[in-house]
Amino acid sequence: GTVAMVFTVTLSAASGQAVTVNYATANGTATSSDYTSVSGSLTFNAGETTKTITVSILGDAIAELKKTFSLNLSNALNALFANSQGVGTILDND
């Protein structure tokens, strides 16, 4: 079956105006053979505080050590970052 990792992006408080932020995955010890890269932008409409980003994990039949990749946020509009990076850990994708 398909395995996915979900990152949750949360505003500390609801805003009265739209908030946008760009996102993109970046390789760590995990590479394109381990997960599907994603990038794009999120828009929080006024009053919204939570959005999710789903990253597909690619399985293989090889036992492996844990690998990591990051999800980086950039170019926030109408917000400031408390934390602009999330790290995903793939424990074993076989």
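If you're wondering where the values come from, they're calculated on a predicted model, not measured in any experiment.
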Distance in Å, [X] [atom1] paired with [Y] [atom2], rounded so as to fall on 0.5 Å steps:
{"X": "F44", "Y": "L77", "atom1": "CZ", "atom2": "CG", "value": "12.5 Å"}
{"X": "M5", "Y": "T52", "atom1": "CE", "atom2": "OG1", "value": "14.0 Å"}
{"X": "T50", "Y": "L11", "atom1": "OG1", "atom2": "CG", "value": "7.5 Å"}
{"X": "N27", "Y": "S70", "atom1": "CG", "atom2": "OG", "value": "8.5 Å"}
{"X": "N22", "Y": "S74", "atom1": "CG", "atom2": "OG", "value": "4.5 Å"}
{"X": "N75", "Y": "S84", "atom1": "CG", "atom2": "OG", "value": "11.0 Å"}

Backbone N/O of A18 and side chain of N78: donor-acceptor pair under 3.5 Å = yes
If you look at every heavy atom in [X] and [Y], which pair is closest and at what distance?
{"X": "T54", "Y": "A4", "answer": "CG2-CB, 3.6 Å"}
{"X": "V19", "Y": "A79", "answer": "CG1-CB, 3.6 Å"}
{"X": "N72", "Y": "A26", "answer": "ND2-CB, 3.5 Å"}
{"X": "A30", "Y": "D34", "answer": "CA-OD2, 3.4 Å"}

May I ask you to test the [X]-[Y] pair for a side-chain heavy-atom distance under 4.5 Å?
{"X": "T25", "Y": "V55", "answer": "yes"}
{"X": "L71", "Y": "I53", "answer": "yes"}
{"X": "F81", "Y": "L73", "answer": "yes"}

task = Take T10 and T8 through the side chain to side chain donor-acceptor pair (under 3.5 Å) test and state the conclusion after the steps.
result = CA-CA 6 Å; T10 305; T8 302; 5.8 Å; no
message = Over 60° means perpendicular and under 30° means parallel, so tell me whether F69 and F7 are parallel, tilted or perpendicular.
response = perpendicular
query = Under a single-linkage definition using a 4.5 Å side-chain heavy-atom cutoff for Ile, Leu, Val, Met, Phe, Trp and Tyr, are V3 and I90 assigned to the same hydrophobic cluster?
reply =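 Same cluster: V3 reaches I90 through Ile, Leu, Val, Met, Phe, Trp or Tyr contacts under 4.5 Å.
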Partners passing side chain to side chain donor-acceptor pair (under 3.5 Å) against T89 (at least two apart in sequence or in another chain) =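 T89: no side chain to side chain donor-acceptor pair (under 3.5 Å) contacts found.
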task = Decide side-chain contact (heavy atoms from CB on, under 4.5 Å) for Y23 and V9; before the verdict, give the C-alpha distance in whole Å, the side-chain angles of both, and the deciding distance to 0.1 Å.
result = CA-CA 10 Å; Y23 64 88; V9 181; over 6 Å; no
ask   = Pairs in or reaching into residues 37-57: which pass salt bridge (charged side-chain N to carboxylate O under 4.0 Å, His left out), with residues at least two apart or in two chains?
value = E48-K51
